[in-house]
Enquirer: 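I'd like to ask some things about the structure below.
All chains are named by letter (A, B, ...) in the order of the sequence lines, taking the proteins before the strands, and each is independently numbered beginning at 1.
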Amino acid sequence: MGNLSFDIAHLFAGGLVLVSFMLLYQDRMSGLINIFTLHAVVLSLSVGWQAYTQRAWHLFVTAAIALIFKALIIPLSLRRIMVRLRIHRTVEIIGGVGVTMLVGIGLVALSMVVMLRATAAADPLAREDLAFALSVVLLGLLMMVTRRNAVSQVIGFMSLENGLILAAAGAKGMPLVVEISVAFSVLIAFIVIGVFLFRIRERFDTVDVHQLDQFRGEYR
Amino acid sequence: MNDVASVAIGALLAVPALSACGLALLSSYRLTSRINVVSAGATFACAIWLLFDRPAPGQYLFVDDLNIVFVVLSTFVGFTTSAFSASYIGHEIETGKLTPAYMRFYHAMYQSLMFAMNLGLLANNIGLMWVAIELATLTTVLMVGIYRTHEALEAAWKYFILGSVGIALALFGTILVYMSAEPVLGQGYDAMVWTSLMRQAADFSPRLLNVAFVFLMLGYGTKVGLAPMHAWLPDAHAEGPTPISAVLSGLLLNVALYAILRFKMLLAANAAAIAPGPLMVTLGLVSLIFAGFMLYRRDDIKRMFAYSSIEHMGIITFAFGMGGPLANFAGLLHMTMHSLTKSAIFFAVGHIAQVKGTQKIADIRGLTESHPMLGWGLVVGVMAIAGLPPLGIFMSEFLVVSSTFARQPLLAIPLVFGLLVAFGALLTRITGLAFGEPAGGAGKVEASFVPLFAHLSLVLAAGLYLPSHLVAWFQNVARLLG
C-alpha cells in the first residue's frame with residue numbers, strides 16, 4: 001500500500017510537469033486556457049492525494065481552492081476577457097517552440113540535479129515532490145519570459161504558483177499552507193482579473209505588454 | 001507590564017487595519033486625510049511603547065532587538081509621510097488629477113500598507129512574514145497605478161509581474177527552510193517560528209539551507225531593488241503618487257531587507273552552510289555601481305532619486321554582507337539615514353513637481369530663487385544623500401568605507417568608485433535644478449514643510465552627534481546580526 005500511494009503521488013506531480021510543458025507550446029489563447037484548467041485539476045488531485053496520505057485534512061481546503069478557483073472561476077473569467085478584448089488570435093512565442101521546449105527540458109534536468117542532491121537526507125516522496133515542484137516553477141518562469149501577451153503571462157505566473165502550492169503541500173505538516181494559497185488567490189483575483197485587465201483594456205484596447213513598453217525616462 | 005505591551009503590539013496591527021476599513025467608507029477627503037495622519041501617529045506611539053516594554057514572544061508575533069529598530073523607523077516615516085500626503089493630496093484633488101472617490105481607495109490602501117509592513121516586521125513566523133510582504137506588494141501595486149495614465153499602468157504592470165515572481169521565489173525558499181527544519185523541530189508550527197528556528201539552526205541540513213538562501217536572496221532581493229532584479233523600482237517610484245514613492249523607498253525596501261537579514265542570521269547560525277556574506281556583497285556592489293552610472297542619464301526627477309535608492313540599498317546590502325560589528329552598525333545607521341533622507345527628498349520633489357507642473361529635470365531650474373524653502377530643502381536633501389559632511393549619511397558611508405578598508409581593502413576600491421560616480425551625478429543635477437535662472441511654473445506652494453524639515457534636521461543632528469543610547473542600541477543589534 002505504501003508503494004502504491006507513493007506511485008500515485010508521483011504520478012500526479014509528474015503529470016503537473018508534463019502539463020507545464022503543454023502550456024509552453026500552446027500558441028492559441030483558448031488552448032492555453034484549456035491547458036491551464038487541466039493544470040489546476042492535476043494540482044488539486046495531487047494536493048488532495050497528499051491530504052489523504054498525510055492525514056492532513058486542512059490540505060483538502062487547498063485542493064478545493066485549486067479546483068474551484070483555478071480550474072473553474074479563473075478560466076471562465078479569462079475566457080470572458082478573451083472575448084471582450086478580442087484576443088483569441090494566435091499568440092506568438094518568442095524564440096520559437098523548439099528552442100523553448102529544449103530550454104524547458106534543461107530546466108527540469110537542472111531542478112532534478114539541484115533538488116535531489118540538496119535533499120539527500122529527506123524522505124523520498126518529499127524529495128521528488130520538491131524536485132517536480134521546482135521544475136513547474138522554473139517552467140512557469142520560462143513561460144512568462146517567452147510570452148508577450150499579458151493574459152498568457154498571467155497564466156504563466158499562475159502555473160508557477162501551482163508549482164509552489166505543490167511544494168508546500170509536499171512539505172510534511174507545513175502549517176499555513178491554506179493561508180498561503182488564499183493569499184495567492186487574492187493576489188491573482190484582485191489584480192489580474194479585476195483592476196488590471198479592465199484598466200489596460202479601457203485605456204489602450206490592447207493587453208500586449210510589448211506595446212506598453214514605451215516610456216523609459218531616458219534621454220534619447 | 002507584559003499585558004500593556006501585548007496590547008501595544010496588537011494595536012500596532014489593529015490601528016492600521018481598522019483605519020483601513022474605516023477610511024474605505026468615508027468620502028470627505030479632508031476628513032480622511034486627517035484620520036490617516038492621526039492613525040499613523042497612533043501607530044508610531046505604539047511602536048515607541050514597544051521600545052520600552054516588550055511582550056514575550058508568541059507563536060505569531062514577537063519583538064526583539066532587531067525588528068524594533070525597523071518598526072520604530074517605519075512607523076515614524078509612515079507618520080510623517082501621512083502628514084505630507086495630506087497636503088500633497090489636497091493639491092491633486094484641486095487640479096483634478098485624482099477624484100475624491102479615488103481618495104477612499106488611496107487612504108485605505110495606505111493604511112493596509114502600514115498594516116502589512118508592521119505585520120511583516122513583527123511576524124515570528126516565516127510563513128506569516130511572507131504573507132505580509134505579499135500583501136504589502138499588492139497594496140503598493142494598486143497605488144502605483146492609481147493615476148491610470150499609460151505610464152502609470154505600465155509601471156504598475158511591471159511592478160506586479162516582477163514583484164510577484166520575486167515573492168514566488170521567496171515562498172519557495174521559505175518552504176525549503178521549513179523542510180530543512182522539519183526533521184529537527186518536528187512537523188507543525190515550531191519549524192516555522194523564528195525563535196525556535198534560531199535556537200536549533202545548527203542542526204538543520206546545510207545543503208537545503210544553501211539552496212533556500214539563494215531563492216530567498218533573489219526573491220526578497222527583487223523587493224529590495226538589487227541590481228539585476230531592480231527594473232520595477234524606477235518606474236514604480238516615478239509614476240505613482242509621490243507619498244507612495246516616499247514610503248516605497250523609505251520603508252518597503254527596508255522590510256524586504258529585514259527578511260533577508262533574518263535568513264542571513266539563520267544561515268550564520270549553521271556552521272556547515274555557505275556564508276551568505278559574499279552573495280550579498282556582490283549584489284550590493286553591482287547595484288551600487290550600476291545605479292551610480294544610471295543616475296547620469298535620467299531626465300525625470302523622481303526616477304533619478306529612485307536610482308539613488310537602488311544605489312543606497314546596494315551600499316546597505318554590501319555593509320550587512322561584510323558583517324562584523326562595525327559594518328553591521330554602519331549598515332543599520334545607513335539604512336536609518338537613507339530612509340529619513342530619501343523620504344524627505346521625495347516630500348520636496350512632490351511639491352516641486354506640483355508647482356512646476358512637470359517632473360522633467362530639464363524644465364526645472366532655479367528652485368532656490370523661485371521657491372526658496374523647497375529649493376533649499378532639496379539642496380540639503382541631495383547634499384545629504386550624496387554623502388557630504390556634516391550630514392548623517394556622510395558618517396554612515398564613512399563607517400562602511402573605513403570598515404571595508406580595514407578588512408578587505410580590495411573591496412573598498414569598487415565601493416569608493418561607486419560612491420564617487422553617484423556623487424558626481426547628483427551634484428551635477430542639483431546645480432541645474434536649484435540654481436540659475438528660474439524656469440517652469442512659479443505658483444505658490446501650499447506645502448507643509450514640517451515633515452521635510454523634521455527629517456532633514458534629524459539627519460543633520462545624527463551627523464553632528466549620535467546620542468550614546470542610540471549608539472549602544474545599534475551596537476547591540478549589530479552584534480546580534482553577527
Enquirer: Flag the one option from A:Leu130, A:Leu141, A:Val137 with the top tally of heavy-atom pairs under 4.5 Å to chain B.
Expert: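 It is A:Leu130.
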Enquirer: Side chain, backbone, both or neither: which part of B:Asn210 has an atom under 4.5 Å from a heavy atom of chain A?
Expert: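 Neither part.
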Enquirer: Could you state the interatomic distance from CG (A:Asp129) to CE (B:Met179), rounded to the nearest 0.5 Å?
Expert: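 If we round to the nearest 0.5 Å, A:Asp129:CG and B:Met179:CE are 8.0 Å apart.
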Enquirer: Can A:Gln153 and B:Trp157 be said to form a side-chain contact (heavy atoms from CB on, under 4.5 Å), step by step?
Expert: CA-CA 11 Å; A:Gln153 279 192 348; B:Trp157 179 258; 3.7 Å; yes
Enquirer: Closest approach of A:Ala171 and B:Ile175, non-hydrogen atoms and distance?
Expert: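 A:Ala171 and B:Ile175 have their closest heavy atoms at CB-CG2, 4.1 Å.
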Enquirer: Applying a heavy-atom distance below 4.5 Å, give me the residues of residues 182-195 of chain B that approach chain A, sorted by number.
Expert: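 Within residues 182-195 of chain B, near chain A: B:Glu182, B:Gln187, B:Gly188, B:Tyr189, B:Met192.
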Enquirer: With under 30° as parallel and over 60° as perpendicular, where do the rings of A:Phe157 and B:Phe160 fit, or are they tilted in between?
Expert: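 Ring orientation of A:Phe157 relative to B:Phe160: perpendicular.
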Enquirer: Need one label for B:Val211: side chain, backbone, both or neither, based on atoms under 4.5 Å from any heavy atom in chain A.
Expert: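 For B:Val211, the contact with chain A is made by the side chain alone.
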Enquirer: To the closest 0.5 Å, what do you measure between CE (A:Met158) and OG (B:Ser164)?
Expert: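 If we round to the nearest 0.5 Å, A:Met158:CE and B:Ser164:OG are 11.5 Å apart.
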Enquirer: Which pair of heavy atoms, one from A:Leu160 and one from B:Ala168, lies closest together, and at what distance?
Expert: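 In this case the closest contact between A:Leu160 and B:Ala168 is CD2-CB, 3.3 Å.
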Enquirer: If I take atom CG from residue B:Leu171 and atom CD1 from residue A:Ile180, how far apart are they, to the nearest 0.5 angstrom?
Expert: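 Separation between the atoms: 5.0 Å.
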Enquirer: To the closest 0.5 Å, what do you measure between CG (B:Leu162) and CE (A:Met144)?
Expert: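 If I round to the nearest 0.5 Å, the distance is 8.0 Å.
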Enquirer: Taking C-beta and beyond as the side chain, do B:Leu176 and A:Met115 meet within less than 4.5 Å on heavy atoms?
Expert: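 With C-beta onward as the side chain, the pair touches.
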Enquirer: Pick one of side chain, backbone, both or neither for A:Leu164, based on which atoms fall under 4.5 Å of a heavy atom in chain B.
Expert: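 Both backbone and side chain of A:Leu164 come within 4.5 Å of chain B.
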Enquirer: Run the side chain to side chain donor-acceptor pair (under 3.5 Å) test against A:Arg79 and tell me which residues pass, sequence neighbours left out.
Expert: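 Testing A:Arg79 for side chain to side chain donor-acceptor pair (under 3.5 Å), a comparison that skips the adjacent residues, returns A:Asn34.
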Enquirer: Please list, chain by chain and in numerical order, all residues satisfying side chain to side chain donor-acceptor pair (under 3.5 Å) with B:Tyr178, sequence neighbours excluded.
Expert: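 Result, side chain to side chain donor-acceptor pair (under 3.5 Å) vs B:Tyr178: none returned.
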Enquirer: For residues 54-63 of chain A, dump all side-chain donor-acceptor pairs below 3.5 Å to protein atoms at least two apart in sequence or in another chain.
Expert:
residue : atom : partner  : partner atom : Å
A:Gln54 : NE2  : A:Gln50  : OE1          : 2.9
A:Gln54 : NE2  : A:Ala169 : O            : 3.0
A:Arg55 : NH1  : A:Tyr52  : O            : 2.5

